[in-house]
Amino acid sequence: MSDKGKDVDLTRAKQNTGVWLVKVPKYLSQQWAKASGRGEVGKLKIGKAQGKTVVSFNLSEDLTVVECSGEKVSSVRSPREHPFTMQTVGGQSLAVFTESSDKLALEGMVVQRAECRPAVSESYMKLKKLQIEESTKPLRFSQKLEKAITTNYKPVSNHSYNLEYEKKKKEEGKRARADKQKVLEMLFSAFEKHQYYNIRDLVDITKQPVIYLKEILREICVYNPRGPHKSTWELKSEYRHYKEGQEEEEEEEKME
Amino acid sequence: MTSLGSSSSSTTEYVVRVPKNTSKKYNLMAFNAGDKVSCSAWTQARMERDMSNRRIYGEEESQEGAAGSEFGKKQKEESRRKKYGIVKKEFKVEDQPWILKVNGKAGRRFKGLKKGGVTENASYYIFTQCADGAFEAFPVHAWYNFTPQAKHRTLTAEEAEEEWGRRNKVVNHFSIMLQRRFREQERGDDDDEEGEKGGKKKKKKGGRGGDLRIHDLEEDLEMSSDESEGSNGEDDEAKAKSKKDKGPKGKGKKKKKKGSDFEGFEDSDDGDFEGLEVDYMSDESSSEEEEQEKTKPNKGEGVPKGIDEMSESEEESEEENKNEEDAKEEEEEEDGKKTPVQVEKKKKKDSSGESDSSEDSDIEGEAASALFMVKKRTPPKRGGGRGSAGSSRTGSRPGTPSIDNAATSNTLRAAANKLEQGKRQTTIPSSETPAAKRLKMEPSPQSSSGKSTPQPVSGKSTPSASDVQLTEDAVRRYLIRKPMTTKDLLKKFQTKRTGLSSEQTVNVLAQILKRLNPERKNINEKMHFYLTE
């Protein structure tokens with residue numbers, strides 16, 4: 001267990017770096033994701049007014065364009081001013097750790113919590129309205145079609161996949177009875193892999209006609225009509241020897 | 001970084017960047033402030049995912065290969081699941097809890113559970129200030145709440161429920177974990193124990209017993225665990241004999257007694273115990289105390305002696321064991337019965353010789369030579385009635401109308417007393433069954449006074465008259481059978497049976513003894529009387 005555990009890199013934690021934890025509205029983070037270049041998204045103003053610290057974030061101009069779904073060109077712009085509400089960390093001690101593909105590191109402790117709120121303005125209201133409209137649309141909706149769709153189900157004399165099937169069958173032909181020894185070999189090798197087999201599966205494996213196969217099976221196998229492995233065939237106990245190799249049994253069988 | 005000095009307030013502007021290329025995922029680690037976690041104080045930390053849920057969510061791998069497997073089983077299972085629409089939850093490594101180990105093996109361990117719903121409606125960003133003064137914002141990928149993991153032993157759910165049921169009765173909570181540890185040890189040592197019936201086991205028991213002392217002072221309860229080591233030695237010496245008896249019978253009996261003790265009880269409401277005229281010492285709740293009475297070490301000066309020390313009679317060891325049996329049987333018999341009988345039964349059970357002796361000891365203190373310490377009030381949590389009973393131990397026995405000096409006068413208690421009174425006054429033999437039962441009970445605690453007949457059909461439980469009346473014949477009979485101390489004799493003639501107050505009993509007994517003039521013998525440093533015919 002300790003091999004799996006990754007050592008946490010504590011170098012930055014020891015520096016007592018303090019970080020801020022800021023809660024940001026969803027639309028804003030979407031805008032931020034669209035940032036280009038070095039990733040500058042705006043400016044943070046920290047000041048003092050009447051003895052209190054006032055923090056505000058100003059979004060860059062080019063990021064205020066809001067994309068919206070639908071064909072309409074966006075006439076809505078997201079607000080630019082975002083005052084921060086500062087909160088205390090209190091009740092919890094929060095640390096930040098990073099996980100990269102190969103290592104874990106502790107980045108620091110949260111010293112301040114803040115909430116980024118948009119300044120209430122016309123543009124913000126419009127934005128919200130847009131959002132609400134989008135969210136109230138149901139995921140599934142019924143739509144009336146003008147024209148009936150006629151391309152799907154056309155009556156066919158014979159379906160294509162049916163034709164393929166029939167062709168395949170013809171090629172294979174009726175299953176021929178192979179040599180009994182060969183069949184037995186096939187059966188034994190099959191039973192080496194699994195203990196219980198369905199008759200259908202055995203037919204597929206051996207490619208023998210069912211009646212012939214059943215005759216052979218009755219010699220070496222026993223049928224389970226019920227139980228956990230219902231309607232399956234398994235080797236008779238004298239031929240069964242699952243711990244050791246099967247070769248011995250096969251040879252005995254051959255001798256017979 | 002540009003600083004704009006504006007007119008009214010000073011603001012500084014910082015550029016905020018959201019880096020795009022981060023391969024690092026930022027997560028939050030939340031600790032409860034009360035845990036006092038200081039990340040800078042860590043010297044070393046290891047963290048890994050807790051994969052213990054994998055086997056629940058992971059595919060159950062049935063045995064591959066020849067034996068027991070069916071051809072095409074997997075496909076069949078899959079198609080079956082699809083048919084019934086059974087959807088299995090994926091095991092996502094991302095969502096698994098973290099295990100954080102700080103400062104190596106000896107340090108703390110934390111478990112970090114992912115908090116859901118963090119990134120649904122709003123995103124959290126971590127703002128760090130860079131060297132150039134700009135802020136960099138990183139989105140928080142996940143939030144984990146870390147809680148410290150207990151290193152000390154805890155009870156399992158079943159054990160916790162058990163203890164919860166006994167919470168009103170158990171006084172010494174330290175013993176709970178100790179006993180659990182002992183039980184585990186015992187299971188482990190089962191083979192070894194056979195050979196070690198001697199010192200080691202006793203020592204263990206002594207140690208365990210050393211933690212429990214029967215006394216009234218709540219504040220001293222904390223000390224018990226500390227003193228266990230020191231008093232162990234004393235204990236062995238002092239109680240060597242009793243321990244020998246305890247040894248073989250010990251554990252099983254204790255367990256049984258404990259179990260049966262509590263099985264016999266119906267659920268007790270708080271008021272139930274109030275009618276009991278029981279000396280505090282003999283509280284039923286400390287059944288463990290009772291069992292370990294013998295192994296109580298002397299606590300030392302300043303601490304009241306346990307019940308053991310108070311009641312020193314030679315037959316103590318026998319009596320204890322007999323008592324346990326009797327108590328058990330009593331309970332089984334008494335199961336259905338209510339108030340007077342039950343009250344009495346409880347009283348008897350609680351007393352189980354100890355309280356009797358202690359009660360009697362009070363009386364005897366006045367009459368006989370032995371000195372006993374005065375006991376204190378019951379702690380209130382034991383039930384008001386007990387407390388009052390304890391306080392009223394100046395000889396007032398149940399049956400006297402004004403039972404206690406304490407403030408609690410309860411309808412239940414009053415009723416119990418009245419019933420007892422009535423019982424006493426109406427000739428007891430008339431009510432055969434309860435009387436017979438009472439007789440059965442009586443001898444058992446009183447067997448502590450020296451009768452080695454545990455069963456109801458003891459020699460002395462012949463027609464109640466002899467028991468009830470404090471006569472010379474009765475005393476003679478006792479003394480012929482066996483040497484007894486005055487205290488034992490007093491036990492035989494309990495005031496509520498004879499209808500005399502304790503003082504009267506003492507006087508009458510003294511007179512009888514004068515008349516009989518029995519021979520004296522010093523056994524175990526106690527004066528015993530006996531007669532030879």
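Labels below follow one simple rule: chain letters A, B, ... track the order of the sequence lines, proteins then strands, and each chain is numbered from 1.
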Mind checking the [atom1]-[atom2] spacing from [X] to [Y]? Nearest 0.5 Å is all I need.
X	Y	atom1	atom2	result
A/N198	B/K76	CG	NZ	6.5 Å
A/K14	B/C39	NZ	SG	10.0 Å
B/K25	A/L104	NZ	CG	11.0 Å
B/K24	A/E107	NZ	CD	4.0 Å
B/L28	A/Q92	CG	CD	9.0 Å
A/K6	B/R49	NZ	CZ	8.5 Å

Distance-minimising heavy-atom pair for [X] and [Y]:
X	Y	answer
B/T119	A/K26	O-NZ, 2.6 Å
A/G47	B/T11	CA-CG2, 3.5 Å
B/A45	A/L10	N-CD1, 3.9 Å
B/N32	A/S93	O-OG, 4.1 Å
A/K43	B/V16	C-CG2, 4.3 Å

Chain B interface, residue from [options] that has the most non-hydrogen pairs under 4.5 Å:
options	answer
A/V54, A/L202, A/L28, A/V41	A/V41
A/G108, A/G42, A/A13, A/S56	A/G42
A/V96, A/D9, A/V89	A/V96

Discussion item. In terms of relative ring orientation, are A/W20 and B/F135 parallel, tilted or perpendicular, with 30° and 60° separating the classes?
Written reply: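 The arrangement is tilted - the two ring planes meet at 30° to 60°.
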Discussion item. Does the plane of the ring in A/W32 sit parallel, tilted or perpendicular to the ring in B/F127? Use 30° and 60° as the thresholds.
Written reply: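 Plane angle between 30° and 60°, so tilted.
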Practice prompt. Starting from the C-alpha separation in whole Å, work towards a yes-or-no answer on side chain to side chain contact (heavy atoms under 4.5 Å, CB included) for A/L106 and B/W42.
Written response: CA-CA 11 Å; A/L106 204 63; B/W42 295 351; 4.1 Å; yes
Non-hydrogen atoms of chain A under 4.5 Å away: do they reach the side chain of [X], the backbone, both or neither?
X	answer
B/N145	side chain
B/E120	backbone
B/S38	neither
B/Y144	side chain
B/K20	side chain
B/N121	backbone

Where on [X] is there a heavy atom nearer than 4.5 Å to chain B: the side chain, the backbone, both, or neither?
X	value
A/R200	neither
A/A33	backbone
A/Y27	neither

Item to complete: Check whether any side-chain heavy atom of B/Y26 sits under 4.5 Å from a side-chain heavy atom of A/V19, and report yes or no.
Response: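 They are not in side-chain contact.
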Got more than 12 heavy atoms from elsewhere within 6.0 Å of [atom1], [X]?
X	atom1	result
A/K129	NZ	no
B/K82	NZ	no
A/K214	NZ	no

Fill in: ring-ring contact (aromatic ring centres under 6.0 Å, His included) partners of residues 33-55 of chain A, not counting sequence neighbours, each pair once
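Listed once each, the pairs would be none.
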Discussion item. If you apply the rule side chain to side chain contact (heavy atoms under 4.5 Å, CB included), what do you find for A/L21 with B/W143, and how did you get there?
Written reply: CA-CA 12 Å; A/L21 178 69; B/W143 183 308; 4.0 Å; yes
Discussion item. Which residues pass the side chain to side chain donor-acceptor pair (under 3.5 Å) test with B/S123, not counting sequence neighbours?
Written reply: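 Partners of B/S123 by the side chain to side chain donor-acceptor pair (under 3.5 Å) criterion, ordered by chain and then number, come out as A/S29.
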